[in-house]
Protein chains: 2
Amino acid sequence: MSSDPAPAIAVSTVIFGLRAIERSEHVVLSLPLVKRVREPYLGRWALPGGPLAATESLREAARRNLRATTGLDPKHLEQLYTFGAVERSPVDRVVSIVYWALVRTDEADRARIGENVRWFAADALPQLAFDHDEIVGWALKRLRNKVEYTRIAHALLADEFTLADLREVHEAILGRRLDPANFRRRIEATGTVEATGRHLEGGRHRPPALYRSTAQKELLL
Amino acid sequence: MSSDPAPAIAVSTVIFGLRAIERSEHVVLSLPLVKRVREPYLGRWALPGGPLAATESLREAARRNLRATTGLDPKHLEQLYTFGAVERSPVDRVVSIVYWALVRTDEADRARIGENVRWFAADALPQLAFDHDEIVGWALKRLRNKVEYTRIAHALLADEFTLADLREVHEAILGRRLDPANFRRRIEATGTVEATGRHLEGGRHRPPALYRSTAQKELLL
DNA sequence: TCAAAAGTGTTAATCCTACACCCATGG
DNA sequence: CCATGGGTGTAGGATTAACACTTTTGA
């Protein structure tokens, strides 16, 4: 045992949302980052995060932090991993418990964005502070994996959506096109969506049916 | 923010091994527990664990701890989850980063077992201290899940093994019998094992071929 | 009436499971 | 030569991927 001070605990979050791309109909998987205003890594972009208060749970800390820095309220919030390498911060020993979150597209646009907070496309990130590049890599891997066998994609959409919307989410996350016919059948087979009976009018073509996520278990927590 | 002291960090491990069952040819998934020698939960069984030293990584802490309490050297060691509910310890605020480990059957028998350390069958555990019941539940779920799509089962076996050995491991973890023919084909198709060319002599019947795990990536870390 | 997305149908390839069957060994 | 686990073969069902085809709308 040494006489070094005890390691500090921090909680950070990787927040994913879909953002419309300029002069395009596509959306791209994005995340908000905050610019560091002090050393170390002054001026670098980093994940939102902060210390764990003695009276809050890890999840509460993640939610509070996320709210404070971006004003966002996630629809999905889940623990990712805990990073504790000795040298991950050049100045002090910090163990970071990292959560990842999904926010609805329509809410992501309302996010409080200032000088020091900005959205970045997930496939075009700057070099981040600390080991945050590695952390985002983990989060992306987990997201891509989970979208295949859970209903988390719903957490990125509003209450009502078309199957094309849902497919677009999957495509943005996976980074490849999916066959609309097979996608439809696959989703219908899972029973995670149900038709609302309404249709989305005003499109350029045949109006698609609107669906909602079937109420089931917690998606939020 | 409050003026309460900062939460403490602990690292705990769930260690799985296969143990022969008395007067039976079967093995059963088991884990070593330590009896608490102080309050809170004095006398209750608990997971091995201890504080994180300032100069060691989380993984190193897990490995050191595991060595100190059981004398075991795990063949697989992986972070499970971090537990940080405010009330999980009745006396102080502790955030526990939990790892889970697999040890080889032949080494598990050599484990240093004393008055305060004992193996328990995973499906017949006593009531544990703190939230350790919940933690073991998580670990079991993860193990059962991972055995289906990774080669972790190899970490429970010696260097050379028969497919029946490997199948026995899968069966002990999953808690159900598997078709030997289909199991063989499934494993062969993954390319995770290769025949050594040798056979296990001295059995009561046709001598089965011996296999080894194909060298690939780290299984240990 | 045309373009394009919504939605349905079909087929072939693949994978999984159950189970029949042969092989090799100790007793 | 028999019981038993080792090991191979195979047929049917389920799942998947590719793509042709029909429907419905706005322009």
Inset, instruction - Among B:Leu77, B:Leu102, B:Leu47, B:Thr70, find the one that has a side chain to side chain contact (heavy atoms under 4.5 Å, CB included) with B:Ile15. - result: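 Passing option: B:Thr70.
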
Spacing of [X] atom [atom1] relative to [N] atom [atom2], expressed in whole Å:
X        : N     : atom1 : atom2 : value
B:Leu200 : D:dG7 : CG    : P     : 10 Å
B:Phe183 : D:dG5 : CZ    : P     : 17 Å
B:Glu188 : D:dG9 : CD    : P     : 11 Å
A:Leu178 : C:dA5 : CG    : C1'   : 16 Å

Inset, instruction - Residues of residues 156-169 of chain B with any non-hydrogen atom less than 4.0 angstrom from an atom of DNA chain C: list those, numerically ordered, please. - result: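 Result for residues 156-169 of chain B: none.
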
Between N or O atoms, less than 3.5 Å apart, protein on one side and nucleotides 12-15 of chain D on the other: list the pairs.
none

Legend entry - Donor-acceptor pair between A:Arg63 and A:Thr13 side chains, under 3.5 angstrom: no

Inset, instruction - Calculate, to the nearest 0.5 Å, the distance between atoms OH and CD belonging to B:Tyr99 and B:Gln79 respectively. - result: 4.5 Å

Legend entry - A:Phe83 side, atom CZ; A:Trp138 side, atom CH2 - distance, nearest 0.5 Å: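 Interatomic distance, A:Phe83 CZ to A:Trp138 CH2, rounded to 0.5 Å: 5.5 Å.
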
Inset, instruction - Would you mind checking if A:Arg142 and A:Glu78 are paired as a salt bridge, meaning a charged N to carboxylate O distance below 4.0 Å? - result: yes

Inset, instruction - In plain terms, say whether B:Arg176 and B:Glu171 are close enough for a salt bridge, that is, a side-chain N and a carboxylate O under 4.0 Å apart. - result: no

Inset, instruction - State yes or no: are the ring centers of B:His76 and B:Phe16 separated by less than 6.0 Å? - result: no

Legend entry - Geometric class of the A:His170/A:Phe183 ring pair [parallel <30°, tilted 30-60°, perpendicular >60°]: perpendicular

Legend entry - From B:Arg184, B:Arg186, B:Arg185, residue fulfilling salt bridge (charged side-chain N to carboxylate O under 4.0 Å, His left out) relative to B:Glu188: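 Answer to the salt bridge (charged side-chain N to carboxylate O under 4.0 Å, His left out) test with B:Glu188 among B:Arg184, B:Arg186, B:Arg185: B:Arg184.
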
Legend entry - Annotated protein contacts, base or backbone, on nucleotides 18-27 of chain C with a non-hydrogen cut-off under 4.0 Å, one of B, S, - each: BB---BBBS-

